[in-house]
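These figures come from a predicted structure and were not determined experimentally. Every chain is numbered from 1, with letters handed out A, B, ... down the list of sequences. Worth knowing before you read on, the calculation uses all heavy atoms, side chains too, and leaves out hydrogens, waters and symmetry mates.
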Protein chains: 2
Amino acid sequence: MKKYARQSKILELINEREIETQEDLASTLKGMGINVTQATISRDIKELRLIKVTSNTGKYKYGTIEESQNSISDRLVRIFKNSIISIDASMNIVVIRTIPGAAQICGSAIDSLQIPDVGGTIAGDDTVFVAVRKLESVDDIINNLYALIN
Amino acid sequence: MKKYARQSKILELINEREIETQEDLASTLKGMGINVTQATISRDIKELRLIKVTSNTGKYKYGTIEESQNSISDRLVRIFKNSIISIDASMNIVVIRTIPGAAQICGSAIDSLQIPDVGGTIAGDDTVFVAVRKLESVDDIINNLYALIN
DNA sequence: TATATTATTGCATATTTATACACTGTTTTC
DNA sequence: GAAAACAGTGTATAAATATGCAATAATATA
């Protein structure tokens, strides 16, 4: 059974180099004496749960979920930057104004961030309400959000 | 800018349903009055950092990295189950025998698991040595590994 | 050992995805 | 306000990926 040896090599390779396609991987492996076709690579990738992640250059490359952990918050931050108009508070409600249509996604973004003392969010079309558990935390949360967009 | 409204809907959809392809997504959105082509979906998916994950049925579907967190250890466990022959210890070294060629990948698997008191691993072709920091921890670690494969 | 079962893979190809290019609408700059 | 720069999208298609099927290898079973 040479499958695992090959898969191990695959994990190694995607960490070392920018592997952009399955053909890439197949031919690199071929160069190392491991003869395999794209079809098998496709199956290996499924088994190994490898994913396509965007490299620094904006292109797709193969990577692991672990590795792309960081990019989760990247996504959220990017969405924030592009859509938030203002952040304000009324008592324990943080009111976020967004460009039209972006409130929902900003809401889910905030949910994902799991900010302490955030009880929940509700979003309309261009407004998000963030319920804060304690009045004292409101400023922290606002600063937290501002930090994201700068 | 209706892009974010659409992307928000996309996030919603992939959580609710098993979306298998980008065409799938495009036509579902179309059914909801959001008119968009596969090409744009492809770009949205890149922006949202969505990935293909294997659904329960073994097929691919779209999902988020967050959602597929769990499947990381799945991968490792699966590899273990399929390749470990025996687990034993000599003093503070846990010795794992695997099917030929699988030691490397089992080694990386163990590394990823970040088991307490594991100092490091080294793998040959069909054998992995796991260095344990304290003699007292050896049994725990062995049980830990056995638990994985059962 | 012979037979049956299961796992792994290649080949060929259908399916799916990414992208170059062109167009449109929006925002910025002077 | 006109011109320039930019963002978003569709069309068409090239590029990349997944998979049915058949062959072979590995493993289990009698």
Between NZ of B:K3 and P of C:dG25 the distance, given in whole Å, is 18 Å

Cluster check A:I45, A:I34: I/L/V/M/F/W/Y, side chain < 4.5 angstrom = yes

Decide whether B:I141 and B:F129 are clustered together by the hydrophobic rule: side chain heavy atoms of Ile, Leu, Val, Met, Phe, Trp, Tyr closer than 4.5 Å, transitively.
-> no

Would you check if the side chain of B:K46 reaches a backbone N or O of A:V53 as a donor-acceptor pair within less than 3.5 Å?
-> no

Whole-Å gap separating C1' (D:dT9) and OH (B:Y4) = 15 Å

Return the 5'-most residue of the pair B:R6, A:E23 with respect to DNA chain D, ranking by each residue's nearest nucleotide.
-> B:R6

Atom-pair distance (NZ on B:K2; P on C:dT24), nearest Å | 16 Å

Select base, sugar-phosphate, or nothing to describe what B:D24 touches, counting heavy atoms under 4.0 Å on all strands.
-> nothing

Pairs under 3.5 angstrom, nitrogen or oxygen only, protein versus nucleotides 18-20 of chain C, please.
residue : atom : partner : partner atom : Å
C:dA18  : OP2  : B:Q22   : NE2          : 2.8
C:dA18  : OP2  : B:S42   : OG           : 2.9
C:dA18  : N7   : B:Q38   : NE2          : 3.1
C:dA18  : N6   : B:Q38   : OE1          : 2.8
C:dT19  : OP2  : B:K46   : NZ           : 3.4
C:dA20  : N6   : B:R43   : NH2          : 3.0

Rounded interatomic separation in angstrom, taking CZ from A:R49 and C1' from D:dA18 | 16 Å

Let me know the distance between CD1 of B:I51 and C1' of D:dT17, rounded to the nearest Å.
-> 16 Å

Write down the distance between CD1 (A:I19) and C1' (D:dA15), rounded to a whole number of angstrom.
-> 17 Å

Interatomic distance, B:L29 CG vs D:dG10 P [rounded to whole Å] | 11 Å

In whole angstrom, what separates B:N35's CG from D:dT9's P?
-> 12 Å

Check every strand shown and say whether A:D44 touches a base, only sugar-phosphate, or nothing at a heavy-atom separation below 4.0 Å.
-> nothing

Hey, can you pull the donor-acceptor pairs under 3.5 Å for the side chains in residues 21-33 of chain B, sequence neighbours left out?
residue : atom : partner : partner atom : Å
B:T21   : OG1  : B:E23   : N            : 3.4
B:T21   : OG1  : B:D24   : N            : 3.0
B:Q22   : OE1  : B:Q38   : NE2          : 2.9
B:Q22   : NE2  : B:Y62   : OH           : 3.1
B:D24   : OD2  : B:E20   : N            : 3.0
B:S27   : OG   : B:E23   : O            : 3.2
B:S27   : OG   : B:D24   : O            : 3.1
B:T28   : OG1  : B:D24   : O            : 2.8

Thinking salt bridges, do B:E47 and B:K3 make one under a 4.0 Å N-O criterion?
-> yes

Listed pairs under 3.5 Å, donor-acceptor, residues 92-103 of chain A side chains, sequence neighbours left out:
residue : atom : partner : partner atom : Å
A:N92   : ND2  : A:V132  : O            : 3.1
A:R97   : NE   : A:T127  : OG1          : 3.3
A:R97   : NH2  : A:D126  : OD2          : 3.2
A:T98   : OG1  : A:A103  : N            : 3.3

Same cluster for B:V130 and B:L135 if Ile/Leu/Val/Met/Phe/Trp/Tyr side chains link at under 4.5 Å?
-> no

